[in-house]
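Written out below as structure tokens is the structure these notes cover.
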Number of protein chains: 2
Amino acid sequence: MAITIIDVAKKAGVSPSTVSRVLSNHPRISPATAAKVREVLKELGYHPNIMAKSLVSKTTNTIGLILPKPAEELFLNLFFSEVIRGIVTQAARTGYDLMMTTGTTEREELEAVTRLVKGRRVDGVILLYSRQSDPLISFMLEHGFPFVLIGRSDEFPDILSVDNDNVQAAYDATRHLIAQGHKRIGFVSGPPNLIVSGDRMKGYLQALKDAGIEARPEWIVEGDFLQESGYRAMSFFMCLPERPTALVTIDDVVAFGVLRGLTELGYKVPDDLSLVGFNNISLSELSTPPISSMDIGIYQIGYTASQTLIRAVKGEAMPQKRVIIPHRLIVRESSLIQAKD
Amino acid sequence: MAITIIDVAKKAGVSPSTVSRVLSNHPRISPATAAKVREVLKELGYHPNIMAKSLVSKTTNTIGLILPKPAEELFLNLFFSEVIRGIVTQAARTGYDLMMTTGTTEREELEAVTRLVKGRRVDGVILLYSRQSDPLISFMLEHGFPFVLIGRSDEFPDILSVDNDNVQAAYDATRHLIAQGHKRIGFVSGPPNLIVSGDRMKGYLQALKDAGIEARPEWIVEGDFLQESGYRAMSFFMCLPERPTALVTIDDVVAFGVLRGLTELGYKVPDDLSLVGFNNISLSELSTPPISSMDIGIYQIGYTASQTLIRAVKGEAMPQKRVIIPHRLIVRESSLIQAKD
DNA sequence: CTGAAAGCGCTAACAT
DNA sequence: ATGTTAGCGCTTTCAG
């Protein structure tokens with residue numbers, strides 16, 4: 001049997017409420033009794049029952065992380081670990097715990113969230129990634145439950161969110177390729193229903209446009225965040241009568257896939273095709289050749305999201321609804337050659 | 001205000017206890033009232049307050065995952081995401097949520113665990129990795145708290161655990177290299193205080209011994225699970241007057257590091273040095289050349305650990321204390337050449 | 001088969 | 001400054 005506040009009260013010869021007060025550093029309590037109580041507290045090895053505390057205080061000191069339905073693919077990506085690392089580090093630092101759920105189907109997903117939110121199991125949640133017209137966002141809004149989105153929502157631009165300027169980032173990545181002299185630049189995108197895919201696509205197109213280069217639909221393919229996606233894109237591109245000389249990919253892992261396919265077919269990077277990825281995962285610098293990548297500060301995204309959410313649940317004033325984490329291009333060999341024509 | 005069991009009772013014209021019974025599918029309840037109650041339940045959109053339920057039932061339907069102190073490095077490794085993916089998938093499937101904590105220092109770590117365990121915040125915990133004489137294991141044992149270890153404990157062989165046969169796996173990996181004709185085989189290990197490092201080292205040594213090959217201390221180096229570790233090991237080995245012709249590394253990421261260094265120096269894999277890694281992360285097949293790797297079923301480790309723990313907290317009979325996930329070597333180019341001498 | 005009542009461990013008025 | 005009391009929302013004897 002765990003020891004309760006009452007046990008402590010008895011042993012210290014005071015009332016339970018006094019113990020409670022000591023525990024919460026109530027101002028009006030005599031130093032003498034406080035000391036006495038604290039002593040007994042230590043002696044008995046007391047630890048608060050969080051459930052009981054939550055029941056009355058209506059807070060849990062826990063934040064929830066909702067993994068998007070097709071968590072599978074996310075997990076295969078270093079992005080995921082990095083975000084969590086940021087979240088869990090900051091949360092732990094603030095004395096919060098992290099609760100994770102996911103659902104395989106859309107229904108399961110909503111069920112899991114309902115359990116967390118309506119069951120008052122967490123004080124707020126972090127939504128990872130947003131889809132076009134995400135049902136989860138509407139759900140949170142409807143219930144007036146604190147949350148922050150990692151990503152961006154078209155429908156609800158006014159919610160708390162942490163994101164990159166993905167349009168600008170893709171613009172910059174494409175710009176870099178253009179500066180290297182490339183005129184035929186392709187783009188391997190992610191799932192079209194994800195906002196981030198759209199944003200990066202937009203930046204890519206804008207960069208072409210600003211440089212007076214015409215976009216070619218056949219040089220744009222959509223996939224997921226997996227290597228197969230890159231592999232498929234690569235074989236598609238290389239069979240084209242007129243192929244791109246450079247590629248921007250939605251993720252480094254996709255770039256890996258492209259690279260592998262290219263190598264198998266005997267093509268050389270960057271000589272035959274230049275490559276710029278996104279996310280700057282640790283393995284990008286280890287490939288042969290190392291892959292240029294847009295670093296989007298993933299860890300910081302997680303860290304900031306957690307920080308923002310915790311501030312929000314504590315009712316602190318939010319300086320800004322939308323926090324943008326800066327990006328920066330890491331140029332490596334895969335794009336370090338001037339286009340030949 | 002969230003709607004409670006009492007609201008439902010009132011509206012359905014029954015007592016709160018009846019509603020509670022319906023909720024928990026109590027047998028002795030008339031189908032008529034059950035139906036009526038369920039209807040109101042739905043109508044009002046009732047959702048149980050988990051804190052209240054936990055307070056009385058003393059269970060939380062939550063399992064805790066304790067990340068080892070130096071969580072940093074773990075996070076940089078795909079191993080982590082895969083394990084979590086397994087855990088969270090199985091937990092969600094069983095209606096459990098996952099709670100994660102970590103601590104930067106050893107004290108913080110113990111504090112976090114104490115919060116979870118003594119605060120009755122979770123029903124059981126999963127320990128990721130075990131160190132030699134791990135204080136967390138003793139802690140759990142002392143408090144009689146349900147837990148399963150991913151890994152192995154020398155001190156307490158009798159605890160619930162999910163693991164690979166790492167000795168055998170390393171044996172097999174080394175064996176493979178020997179079968180390719182190698183006689184000079186090195187080993188890049190992990191942190192010496194981790195049990196897994198010792199186990200794999202043991203298997204490596206045993207394989208050499210069984211093949212009548214003498215182990216050379218200078219061909220064994222210890223590092224962490226990061227690429228730098230591989231890089232350093234590589235530069236060390238290649239400066240040796242007599243160098244190994246093949247390497248077993250504790251992790252694929254380390255193999256990546258070796259590979260990168262080798263490539264930079266102009267060496268070729270597998271021609272100058274054959275490589276076999278561990279964990280078979282998805283990127284292993286994408287490197288140039290693709291890296292042979294021991295697949296240890298990481299996802300399954302997580303899945304099984306979660307399953308085992310949940311069974312344990314439910315008090316189900318445990319068929320076996322220690323579950324071994326099978327391993328299997330995936331041979332790729334990095335070790336696909338006969339040794340020259 | 002169902003209701004009344006007690007209580008899980010804690011906090012927060014309201015007293016004193 | 002401290003004690004008393006009344007719940008938080010739910011489950012669970014114990015009656016009937």
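The sequence lines fix the lettering, A, B, ..., with proteins before strands; numbering per chain opens at 1.
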Practice task
State whether the distance check finds a donor on one side and an acceptor on the other, under 3.5 Å, for side chain R28(B) versus base dT12(D).
Solution key: no
Practice task
Examine the base of dG9(D) for any acceptor or donor lying under 3.5 Å from a partner atom in the side chain of R120(A), and report the outcome as yes or no.
Solution key: no
Can you tell me if the side-chain N/O atoms of [X] get under 4.0 Å from OP1 or OP2 in [N]?
X: K58(A); N: dG9(D); value: yes
X: S20(A); N: dT11(C); value: yes
X: T18(A); N: dT2(D); value: no

Nearest-Å distance for atom pair [atom1]/[atom2], residues [X] and [N]:
X: N49(A); N: dC8(C); atom1: CG; atom2: P; value: 11 Å
X: I50(A); N: dC8(D); atom1: CD1; atom2: P; value: 22 Å
X: I5(A); N: dT4(D); atom1: CD1; atom2: C1'; value: 15 Å
X: Y46(B); N: dG9(D); atom1: OH; atom2: P; value: 10 Å

Handout entry: Candidate list I87(A), N61(A), V88(A), T60(A), test side-chain contact (heavy atoms from CB on, under 4.5 Å), partner Y96(A), passing option
Key = N61(A)
Exercise for the section: Run through L127(A), T101(A), L128(A), I126(A) and flag the one making a side-chain contact (heavy atoms from CB on, under 4.5 Å) with L67(A). Expected result: L128(A)
Exercise for the section: Look at the side chain of V56(A) and decide which nucleotide, out of dG9(C), dT2(C), dG3(C), has an atom nearest to it. Expected result: dG9(C)
Just checking [X]: base, sugar-phosphate only, or nothing, at a heavy-atom cut-off of under 4.0 Å?
X: S17(A); value: base
X: T33(B); value: sugar-phosphate
X: L55(B); value: base
X: T4(A); value: sugar-phosphate
X: S24(B); value: nothing

Practice task
Side-chain contact test, heavy atoms from C-beta onward, threshold under 4.5 Å: evaluate it for F139(B) versus T114(B) and give yes or no.
Solution key: yes
Handout entry: Side-chain donor/acceptor of D123(B) to backbone N/O of V313(B), under 3.5 Å
Key = no
Practice task
Output the distance between atom OH (Y303(B)) and atom CD (Q90(B)), rounded to the nearest 0.5 Å.
Solution key: 5.0 Å
Fill in the blank from the handout: Heavy-atom nearest nucleotide on DNA chain C taken for L23(A) and for H26(B); more 5' hit belongs to H26(B)
